[in-house]
Amino acid sequence: MSRVTRKYRSSISIVADILKSIREEEKIGKTRLMQKANLPTDRMQEKLDELISLGLIAEESEEDKRLFRLTEKAYDFLREYDRTVQFLSAFGLDI
Amino acid sequence: MSQGRDLNPLGAGLQPAALPIGHPGWFRYGRCDIKSLSSCKEQKNIKPSQIKPNMFPPPFDPLFDSALELVSGVIAVLISLQAAKARSFSKERVFLAFEVSFALLGASNILRGILVLLASLTAGPLALARPFSWVADLLQAIIAALAYGILLWVQVRDSLSGKTILPQVGLLLLIPSINILNVFMLVTMTVLIFVRFLRDRNENQGLVALGFLLLACAHLSNILGYGDPFLLALENILRLSGYISLLAMLLRVRRGT
């Protein structure tokens, strides 16, 4: 009997996943972002509002489409996040 | 002269008779029936002029010992600061364990370094033979045990969650006892991290496993070193090597490699 274990994602990991998804495409729409970051609509909207208020992402309109891009602060955030993950990983742990 | 080399582990100008009971070198040198001596009388008859400055391994100088402790302590504090930064950034409580444990390790190394330094100012080369220094050793061992206990708790908790997987004699007995515990805790952590290193091939994990292994060897040298001053010097070198391995990990993390 196999047991499937779901990996717990911490709040900061979810934020990092969203930011990395945006970084990969420079500018990205909400639907595509939801697929890449694996988040449902309501959670994604909540997170996007939070990230905009924190100044980590900026919203732009292009051909009637809402697109999101990273700010400089987000790049700094991702650098610090990578260091944090590496530090914990060095001790055999996950964030 | 070669006879003198066996007699004086404390350096130039000190007669073997000055070697106090309880000094780490006493077990090896203080007894009168060691092969180079025929009697206690002969031991006491050694003149200071017969003793060479290089008769004792230089790393055992208390000031050298103190300096190595301070450097190790600073490295541990740097790791603690990185953990504090990570905790402030991520709000993850697990970093608190790293912050506290490495702060404790740093504080214990720095505390011992300062105590040995103070002792050497009053007792010179005999500093490490004074109960004052043993208290420093004991404090260091207790604080290190607490710190490793915290680190071990984090590792075990993580594995279980499935997320990733005074009297002088008393002091002398207590220090190795606590250090034996430290060796076991460090070896356990080394194995746990090394297994993950084999799985993930993450070089940083390899560096941490190596660091913990060297720290375990340092504690082992401390236990065995009560019969051999050279091993006590080796302990400092091993501990510093362990912290250098952790420093290498820290630098790699800072560089983002």
Side-chain angles (χ1 to χ4, degrees), chain A residues 1-24 26 36-39 43-44 46-58 70-95, chain B residues 79-95 97-99 101-102 151-152 154-159 161-165 189-200 202-212 245-246 248-257:
Chain A
M1 196 169 74
S2 65
R3 196 176 62 171
V4 178
T5 53
R6 281 184 63 188
K7 194 178 178 304
Y8 164 82
R9 268 203 306 176
S10 63
S11 175
I12 196 167
S13 305
I14 294 171
V15 169
D17 285 347
I18 294 171
L19 296 180
K20 282 177 181 174
S21 302
I22 300 174
R23 185 175 62 183
E24 280 173 20
E26 287 192 23
K36 286 191 74 134
N38 196 24
L39 274 182
R43 294 279 321 270
M44 179 55 82
E46 190 184 301
K47 285 289 171 194
L48 286 174
D49 292 343
E50 186 187 335
L51 295 178
I52 290 170
S53 69
L54 288 170
L56 290 169
I57 60 173
L70 296 187
T71 62
E72 271 307 308
K73 198 175 169 184
Y75 285 101
D76 292 340
F77 176 95
L78 284 175
R79 267 192 293 276
E80 198 56 44
Y81 175 79
D82 287 340
R83 282 178 191 152
T84 303
V85 169
Q86 280 185 43
F87 180 83
L88 206 54
S89 171
F91 289 91
L93 303 172
D94 286 338
I95 198 163
Chain B
I79 295 171
S80 174
L81 288 174
Q82 177 65 40
K85 200 174 172 188
R87 183 171 67 91
S88 154
F89 172 76
S90 68
K91 314 287 183 227
E92 289 285 325
R93 280 167 55 191
V94 67
F95 288 108
F98 288 100
E99 188 183 340
S101 55
F102 277 99
L151 288 174
L152 184 62
V154 171
Q155 294 284 345
V156 170
R157 195 189 63 160
D158 186 76
S159 298
S161 73
K163 203 173 143 188
T164 50
I165 106 123
M189 284 195 287
T190 301
V191 171
L192 284 171
I193 296 171
F194 188 69
V195 167
R196 286 167 190 171
F197 165 70
L198 290 178
R199 186 194 65 188
D200 300 337
N202 179 335
E203 288 175 10
N204 288 341
Q205 288 176 357
L207 285 169
V208 171
L210 177 66
F212 281 174
S245 184
L246 294 175
M249 175 279 294
L250 191 64
L251 292 174
R252 285 171 58 87
V253 167
R254 293 299 303 171
R255 270 206 332 256
T257 50

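Contact record, A/A90 with B/I193: O-CG2, 4.0 Å, taken as the closest heavy-atom pair. What you find for B/M249 and A/F91 is that their closest heavy atoms are CE-CE1, 3.9 Å. The two residues B/R196 and A/G92 come nearest to each other via the heavy atoms NH1-O, 2.8 Å. For the residue pair A/S89 and B/N202, the shortest heavy atom distance occurs at OG-ND2, 2.8 Å. Residue A/Q86 comes nearest to B/R252 through the heavy atom pair OE1-O, 3.8 Å, listed as atom of the first residue, atom of the second, then distance.
Within the 4.5 angstrom heavy-atom criterion, no atom of B/F197 approaches chain A. Contact annotation for B/A209: neither backbone nor side-chain heavy atoms come within less than 4.5 Å of a heavy atom of chain A. Within the 4.5 angstrom heavy-atom criterion, only side-chain atoms of B/L250, from C-beta onward, approach chain A. Only the side chain of B/F95 comes within contact range of chain A, judged by heavy atoms closer than 4.5 Å. Looking at B/K85, only its side chain comes within 4.5 Å of chain A, counting heavy atoms on both sides.
Aromatic ring orientation, B/F98 versus A/F87: perpendicular (interplanar angle above 60°, classes split at 30° and 60°).
A 6.0 Å sphere centred on CD of B/E203 holds no more than 12 heavy atoms belonging to other residues, nucleotides or ligands. For CZ of B/F194, the number of neighbouring non-hydrogen atoms (other residues, nucleotides, ligands) closer than 6.0 Å is 12 at most.
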